[in-house]
Amino acid sequence: MRWSQYFIPTLKESPAEAEILSHKLLLRAGLVRKLTGGLYTFLPLGLRVLRKIETIIREEMNRAGALEVLMPALQPPEIWQQSGRYETARDVLYKVKDRANKEWVLGPTHEEVITTLAAGEISSYRQMPKNFYQVQTKFRDEIRPRFGLMRAKEFIMKDAYSFDATDEGAMASYRKMYDAYARIFNRCGLRNFPVEADTGVIGGTHSHEFMVTAETGENEVACCEACQYAANIEKAVSGIPPTAAREVGAATEKFATPGVVTIEALSKAPHSVPANRQVKTLVYIADSQPILVLIRGDDQLNETKLMARTGAVAVRPATPEECVATLGANPGSLGAVANVPATVRIFADERLRGANDMTTGANEDGFHLRNVSLDRDIKVTAWFDLRTVRAGEPCAKCGKPLKLRRAIEVGHVFKLGTKYSEKLNACFLDADGKSKPCVMGCYGIGVTRTFQAVIEQSNDKDGIIWPLAVAPFAVCITPLVVVKDSAVMQLAEKIYAELTTAGVEVILDDRDDRPGVKFKDADLVGFPLRLSIGEKSLANGEVELKPRGGEIAFVKAEEAVAKVREFLAARAQAT
RNA sequence: CGGGACGUAGCGUAGCUUGGUAGCGCGCUUGGUUCGGGUCCAAGAGGUCGUGAGUUCAAAUCUCACCGUCCCGACCA
């Protein structure tokens, strides 16, 4: 490709809309342009990168035995009603109407479609296992599109769905995808790692997310440095000890705490009750029912865990009015010891199990209770792990301290079980002639997000540093004189032709611009190797090879093509 | 949806407090100049100052509403 014939609108300055580095570079390097919030056009150079990532994904999916299909993006709402997600996922569903005023939805994902397909086509255990995948544009009515391609209204996703006759089969399918994902992200040049994950509204029993380490990531992950334990903060647990038991005190005792409405205030004089001897009582509305959540005073509730453990589809903190209606007191004086209506369930964090000599609100504004013993004084409906892990806590597996890191989620694998196959009737006959629902798994990769994650992880002050496997062009030839028939240009053309013939993806910067401009652009765009040809070095019969981010090497002009191929082969080998 | 910031040429911005001719840099066009890390000189083109109402003799500037963008929270690949 000749640069002058191509379209690479680089920008000297970053558009004000871009906040994070990868977003700025995406725009500056001429890879994408924004149409409007959360909607982007891929320019020719960006599309080349996108195709490379897709190719890697396809190769690895095919290698893992998955079969490519292409499903409609436009879907009938009926199958969403059947799965129950017309309600539970309604916030992200784009809905459109046709001329007859019939409603359709734009697919945010395809469990309903693929399960409908399986219901019609898979009738015997002999047809399984099967894994279908596609690379397709998804639509999600995001509350807040953000960070360029990271969170968009429309994005490209690779989604795969496995169907198995047995649970063991489903686990094997899951494992295959897990392994394929690790290969895919490694080939893309990403520093990535899998973490245990919550299953969210998709549902299911077993789940891992593939994370890319990045300060700007939207996810927080707890990792053990010593063993392999890593989990999304929404799911992470630690081996922190339970609350120390003390001498069982007398009966609970009410005491006045006028104006004291926070854990911290109560921990100070004159009351001086340390936060770890307080019980924090939270009123939540779980699927429109009030519930109580008990957490130790120095811990933070993890709402994702609350949803997962209680099975609630939506939870939110109650308003002060709702607190008064439920317990007769305002936040700051709430407790679960007395005046809790029988219909209100009480969920307590494991760390409070057996705790005594605790202090909590008295359900009377301006009063607290001391000498509270959880077993004796509170009717706990169920004990769950509900707290949020903090950095430095001991790993539950090996006891070494946990670290908290930020990361970008680029892939997610789920073992779904039979949730969708039951609802959408995807059943088969097993060897005994019994009808059973297929055991499913689903596996997503955010392709466009992966694209940006590579940039986020691979750059320097001058621009992007593309890993060879996803670079838009492997080599940029930069002649410093573009006068036709000049020795420099003749050599550039010759090397360009030879590399092209050899199947190397090469771009020839034939623009009549000053060297500085061309160097800056090549660095910004981030081609893995630059081959510069100038009059000075050519006087010695040499040209320059400069790996992006590396040192210049001078090589004989006649050896240039061989050296380039050597470099690329070594680079390809290394990844 | 709640909280915050902002909207002036393709991009980055000044001007707004204190109302009166819309300015600069980059990019773009033309001519010249230069030619190993975003040359220099000259001449140009390009603006409903987000939209709509209002106040005023007069609004980019003051008021209100709406739209949009970005940041913080809930959603997720």
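Throughout, protein chains are lettered first and strands after them, A, B, ... in sequence-line order, and every chain is numbered starting at 1. Heavy-atom basis, side chains included; hydrogens, waters and symmetry copies ignored.
- Residue Lys153(A) is classed as having no contact, given no heavy-atom separation below 4.0 Å to the nucleic acid.
- Atom-to-atom distance recorded for Leu47(A):CG and Leu43(A):CG is 9.5 Å, nearest 0.5 angstrom.
- Put simply, the side chain of Arg151(A) and the base of rC75(B) share a donor and an acceptor less than 3.5 Å apart.
- Other residues, nucleotides and ligands contribute more than 12 heavy atoms inside 6.0 Å of the CD atom of Glu59(A).
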Write out a two-atom table: protein N or O, nucleotide N or O from nucleotides 47-49 of chain B, distance below 3.5 Å.
none

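- Ala152(A) comes within 4.0 angstrom of a base, heavy atoms only.
- Nucleotides rG44(B) and rU63(B), compared at atom C1', are 40 Å apart to the nearest Å.
- When ring centroids are compared, Tyr178(A) and Phe210(A) come within the 6.0 Å threshold.
- In RNA chain B, runs of at least 3 stacked Watson-Crick or G-U pairs (N1-N3 plus N6-O4 or O6-N4, or N1-O2 plus O6-N3, all under 3.5 Å) give these stems: B:1-7 with B:67-73, B:10-13 with B:23-26, B:28-32 with B:40-44, B:50-54 with B:62-66.
- The shortest distance between side-chain heavy atoms of Pro515(A) and Val517(A) does not fall below 4.5 Å.
- Residue-level contact check: Gly534(A) touches the bases, meaning some heavy atom is under 4.0 Å from a base atom.
- The residue among His23(A) and Met307(A) whose nearest nucleotide of RNA chain B lies closer to the 5′ end is His23(A).
- With centroids closer than 5.5 Å and planes inclined by less than 30 degrees as the test, Phe155(A) and the base of rA77(B) pass as a stacked pair.
- Rounded to whole Å, the separation between the C1' atoms of rU69(B) and rU51(B) comes to 15 Å.
- Among the atoms of the strands shown, only primed sugar atoms or phosphate atoms (P, OP1, OP2) are found under 4.0 Å from some heavy atom of Ala16(A).
- When the P atom is compared between rU30(B) and rG15(B), the two are found 34 Å apart, to the nearest whole Å.
- Counting non-hydrogen atoms under 4.0 angstrom, Tyr181(A) reaches nothing in the nucleic acid.
- At a threshold of 4.0 angstrom between heavy atoms, the contacts of Arg530(A) include nucleobase atoms, whether or not backbone atoms are also involved.
- Within 4.0 Å of Ser537(A), counting heavy atoms only, lies at least one base atom of the nucleic acid.
- For the pair Lys95(A) and Tyr86(A), the distance from NZ or CZ to the six-membered ring centre is under 6.0 Å and the angle to the ring normal is within 45 degrees.
- When the P atom is compared between rC57(B) and rC16(B), the two are found 24 Å apart, to the nearest whole Å.
- The residue Glu142(A) sits close to a base: some heavy atom pair falls under 4.0 Å.
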Taking N or O atoms only and anything under 3.5 Å, show me the protein contacts with nucleotides 38-42 of chain B, one pair per line.
| residue | atom | partner | partner atom | Å |
| --- | --- | --- | --- | --- |
| rG38(B) | O2' | Lys12(A) | NZ | 3.1 |
| rG38(B) | N1 | Asp521(A) | OD1 | 3.4 |
| rG38(B) | N2 | Asp521(A) | OD1 | 3.3 |
| rU39(B) | OP2 | Arg514(A) | NE | 3.4 |
| rU39(B) | O4' | Arg514(A) | NE | 3.3 |

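- Comparing rG4(B) with rC49(B), their C1' atoms are spaced 24 Å from each other, to the whole Å.
- The separation of rC67(B) from rA74(B), taken at their C1' atoms, amounts to 24 Å, rounded to a whole angstrom.
- A salt bridge links Glu68(A) with Arg58(A): the closest approach of a Lys/Arg side-chain nitrogen to an acidic carboxylate oxygen falls below 4.0 angstrom.
- A cation-pi contact, defined as under 6.0 Å to the ring centre and within 45° of the axis, links Arg48(A) to Phe473(A).
- With a 6.0 Å radius and a threshold of 12 heavy atoms from other residues, nucleotides or ligands, Glu559(A) has its CD atom above the threshold.
- Nucleic acid contact class of Asp523(A) (heavy atoms, under 4.0 Å, all strands): base.
- Around the CD atom of Glu558(A), the shell of radius 6.0 Å holds more than 12 heavy atoms that belong to other residues, nucleotides or ligands.
- If you check every strand for non-hydrogen atoms under 4.0 Å, Ser14(A) touches sugar and phosphate atoms only.
- Proximity note for Lys536(A) (side chain, C-beta onward) versus rG36(B), rC11(B), rC71(B): the nearest is rG36(B).
- At least one test fails for Arg191(A) against the ring of Phe185(A): distance under 6.0 Å to the centre or angle within 45° of the axis.
- Taking only distance into account, the side chain of Glu13(A) meets the base of rG25(B) through a donor-acceptor pair shorter than 3.5 Å.
- Nucleotides rA42(B) and rG27(B) have their P atoms positioned 15 Å apart, rounded to a whole Å.
- Residue-level contact check: Glu209(A) touches neither bases nor backbone, having no heavy atom under 4.0 Å from any strand.
- rG25(B) and rA14(B) are spaced 11 Å apart, taking the C1' atom of each and rounding to whole Å.
- A salt bridge links Lys138(A) with Asp159(A): the distance from a Lys NZ or Arg NE/NH1/NH2 to an Asp or Glu carboxylate oxygen falls below 4.0 Å.
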